[in-house]
Amino acid sequence: MIRAMSTQSTSSALTADDHLILVDGSTFIFRAYHALPPLTRKPDGLPVGAVSGFCNMLWKLLQEGLTPEEGDEPTHFAVIFDHSAQTFRNEIYPEYKAHRPDPPEDLVPQFGLIREATRAFSVHCIEQEGFEADDLIATYAREAAEQGARVTIVSGDKDLMQLIGPKVGMIDTMKNKTFGEAEVFEKFGVGPDKVIEVQSLAGDSVDNVPGVPGIGLKTAALLINEFGDLETLLAKADTIKQNKRRENLIEFADQARISRQLVTLKQDVPVKVPVGELSVTDVDGPKALGFLKAMGFTTLTRRVADVTGADLDTVDASDLKVPGWDVPDHKGRMMERAAGSDSAGSEAAKTPGDADPDNSGLLVPQTVADARAQTIRAIPVDSSAYETVTSLDRLKEWCDAAFEKGYVAFDTETTSLDAMQAELVGVSLSTEPGKACYVPLGHVDGEGDLLGGGGLVEGQIPLKDALEVLKPMLEDRSVLKIAQNLKYDWLVMTRYGVDITPYDDTMLLSYTVDAGKGGNGMDELSERWLDHKPIPFKEICGSGKSMITFDKVAIDKATAYAAEDADVTLRLWLILKPRLASEHMATAYETLERPMVPVLARMEKRGISVDRQMLSRLSGEFAQGMAGKEAEIYELAGESFNIGSPKQLGDILFGKMGLPGGKKTKTGAWSTSAQVLEDLAAEGHELPSRIVSWRQLSKLKSTYTDALPGYINPETGRVHTSYALAATTTGRLSSSEPNLQNIPVRTEEGRKIRKAFIAEKGHKLISADYSQIELRVLAHMADIPQLKKAFDDGLDIHAMTASEMFGTPIEGMDPMVRRRAKAINFGIIYGISAFGLANQLGISRGEAGDYIKTYFERFPGIKDYMEATKKQVHANGYVTTIFGRKAHYPEVNTKNPNMRAFYERAAINAPIQGSAADILRRAMVRMENRLEGSKLDAQMLLQVHDELIFEVPDAQVESTIPVIRDVMENACDPALKLSVPLQVDARAADNWDEAH
DNA sequence: ACGGCCACTTA
DNA sequence: GTAAGTGGCCGTC
């Protein structure tokens, strides 16, 4: 129970009987936000999830203290907040905490509310300009401990661990974990008194404390245990045996000293409120209730009313001012809700993911995903239990349920996999596991062959009426829409005038936390997480030629299939969403994945114009070219055969003609790859080179000039590719149907196809591409001074590499020398091997090995980077990009040396390719707003890994290019300061070939 | 009708 | 040596 401190004057000194609790408010806010399901206040959609978590915790602490034992309640209690981002640390080191992304949009309004909540519970709410919460906590903790009192810090922040001592403990209430000296030792390898020394060496990437390069927690602890403290170590640095370590300690001594200043908490802040004044006072019942009512936390409101004895009915919701949100009429709607859901005895029906603030739980175990998965698996997936919604009233009730919950799983059924042509056939909804419905809207009679049959099946809600009911819910910001591969549904629904927002995508959630572990499709996720195999689409619609469209499916079958999808999607969300917070992937999901959905959907919707006539002419040209080659080939071979069959070709070349076969394919057949054929051609054989050119023409014709026109959408007259957001391990996008990321560019013939991609009349295409983005990213990540300098100075990077390696001046360099360096630079990005480089350059493996050796000698940082990455992937099973995306390689520890080496190369490549992909994504997410903000009509059409293609009105070309370039070149801001400049080349033309 | 293999296209 | 997708061939179902 709460102890009233009536015997204690407000500012007397503390005694040994006193117990001060200091809650680290700022970190708690972020933890509560990410760990708990999103929650918004009705009816205005004010986000209050973090506020709810905070209030529950505060109340529990005030009620029970930290442990269930009697007499452990606090006598003094304060919540400490950060005042502003700028502190004295930024004067010491401007980059301090510079990597911090802006807080999520829906968290911002909650900062003020949480301070309000603190005051509403009559708890001291402390913050002070120029100091971090940690400094205030340090100061109070020291003062209280000196006066003999016990102190408990409520936080999970490792930066506070330096304060732990005999009188000062720390507890993480979210993880239910206490930290004493033993835990500190476990984490830092030293006691609390040496934590600062270790941190100053190891640095901290989260807070951007630099530390000393090459020294992590382990090494730092080792050194401090040997030398005692930082200054002693630095003074004796020259005695360190390890070369690199010694050099770094000497070179970065000052950086370590600055780091020490950054991590040392200030224990003598001139606090405005003396520690003696932090005594606990009784909760003012009506005041607390007013706040809780205004928030709509019904269960906690009742609980507080019970304990304080305040009369609920006489208390009005307090008048809170949150910009953009009006205070709702609580007397009416909030109480109605309390009666409707809370007192109706529905506790048993509640699921673990229920966003009810009072059921969200104070303690979120780390294994929350497992716990939830178990609970959710226990609820059977019964596809016969779903409801078919055939009346507007029932549809309205489902939408009400979505509002009530604050979230709903949503799925569309349509006539086509192509979202640009798909017609809506029905939608399904689910609000809790096992509870889902299907709303048929466009089902037609099966036998529509004669007499123009195929009329709408009776009993369906008219599409227009259903959309009128669904639209407000799907667009309401207080209802989170959960979908699997939302881009598809978003595109379909936007064509029906519905803009789905806000949303989560279970496919992207899975991709964010598990990229590389397997597919992210719904069927696969369902089997992985729910042990449930959803009804296969084939079972409903068939496959191949006999496949029917979904509108022909009987409605009862459709309900079983469609509602199950929504049910499964909701369950997946309940399991996957909490993993974002517990695995620290929320920022990656929110900045790199989720916002891409509408961006890509709009790009796909716009499409791009292709010149059908030009492609048709080219097809003819290529056919002619092929016919010519064909005749020559048959002549040389002495018979006709199928040139497109590698098997038949092999028989001719290596059987009949007796040419020396080089490589074998993995099935044991002779390889007829271009490489093999070119080698044969180099020996003077006529036939192979004809085959190579025939194949090139054949490819251009079949894949591009013949196939592309088939992708022209009859309504828009344009080609709409589909981008996959979750298809690659590294974070790149992929493009399909058609793939517009592999349109030819290398050969003259191929570029003719590119010329067929054109701007519409009165417009130009702008192509903007990053120059050498992957090498720049590598220079930054591996921290290679020569490379960074070369990029700073705008040098030819391959020539510079050659010059550095072979000691030849850049002026008048032999092109062959540069070519070798270029191949090595690319090789590095691909996780180089002597075998691969030898292949690429046509040299011996020994020679290639020598090149690599020389390269590593000249750029030792690259070698370090590669070794460190390998170590990481073996230890963790994944690697990360500079923006925190993960790429998993679960089989990297295989015994098979070839496979192992392959995964290691992939793991070396992934952070480079993936970081570049992250940068592109950041640019794309910002691009539309920036263009609109500049009153420009440019439309982003395509992305090709390091290039963006826009369509722009003629008159705006000149003003658009600088905006595009600015967004792309500064795409890392403000989250990260890249230590190399990004360079973007941009050109405009009537077609893609000339713009590129 | 489907899927593996091989070849070719891109960054 | 990394990351993708598509089309033709051809064996299997």
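Bear in mind that the values here come from a model prediction, so they are computed numbers and not experimental data. Sequence lines set the chain letters: A, B, ... in the order given, protein chains first and strands last, and positions in each chain run from 1.
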Do the side chains of [X] and [Y] get close enough for a salt bridge, i.e. N-O under 4.0 angstrom?
X: A:E857; Y: A:K853; value: yes
X: A:E969; Y: A:R776; value: no
X: A:E847; Y: A:R820; value: no

Would you check if there is a donor-acceptor pair between the side chains of A:T730 and A:Q913 at a distance under 3.5 Å?
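Yes, because at least one side-chain N or O of A:Q913 sits under 3.5 Å from a partner of the opposite role on A:T730.
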Between A:S722 and A:E737, do the side chains contain an N or O donor and an N or O acceptor separated by less than 3.5 Å?
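Short answer, no.
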Check every nucleotide of DNA chain B for an atom under 4.0 Å from a heavy-atom of chain A, then give the first and the last such nucleotide from 5' to 3'.
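The contacted stretch runs from B:dA1 to B:dA11.
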Base, sugar-phosphate alone, or nothing: which one does [X] contact when heavy atoms must sit under 4.0 Å apart?
X: A:A674; result: sugar-phosphate
X: A:I912; result: nothing
X: A:T667; result: sugar-phosphate
X: A:A848; result: nothing
X: A:L837; result: base

A:Y851 ring center near A:F806 ring center (under 6.0 Å):
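Yes, they do, as the ring centres are separated by less than 6.0 Å.
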If you take any heavy atom closer than 4.0 Å to DNA chain B, which residues from residues 774-782 of chain A end up in contact?
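Hits under 4.0 Å, by residue number: none.
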Among A:R922, A:R921, A:K487, which one satisfies salt bridge (Lys or Arg N to Asp or Glu O under 4.0 Å) with A:E593?
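The single option meeting the salt bridge (Lys or Arg N to Asp or Glu O under 4.0 Å) with A:E593 is A:R921.
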To the closest 0.5 Å, what do you measure between CZ (A:F950) and OG (A:S767)?
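One finds 9.5 Å between CZ of A:F950 and OG of A:S767.
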Would you give a per-nucleotide map of nucleotides 5-13 of chain C, 5' to 3', where B means the base has a protein non-hydrogen atom under 4.0 Å away, S means only the sugar-phosphate does, and - means neither?
BBSSSS---
I want to check a possible cation-pi pair here: A:K886 against A:Y878, using under 6.0 Å from ring centre and within 45° of the ring axis as the test.
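Yes, cation above the ring, under 6.0 Å and within 45°.
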Can a cation-pi geometry be assigned to A:K663 and A:W670, taking NZ or CZ under 6.0 Å from the six-membered ring centre and within 45° of the ring axis?
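No, cation not above the ring by the 6.0 Å, 45° rule.
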Interatomic distance where CE belongs to A:M899 and P belongs to C:dG1 [whole Å]
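Going from CE in A:M899 over to P in C:dG1 covers 14 Å.
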Which whole-number value in Å describes the distance from A:Q913 CD to C:dG1 C1'?
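Rounded to the whole Å, the gap is 13 Å.
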Quick one: is C:dT2 close enough that its OP1 or OP2 comes under 4.0 Å of any side-chain N or O from A:R905?
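Affirmative; the distance criterion is met.
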Over 60° means perpendicular and under 30° means parallel, so classify the ring planes of A:Y634 and A:F641, tilted if in between.
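A:F641 and A:Y634: perpendicular rings.
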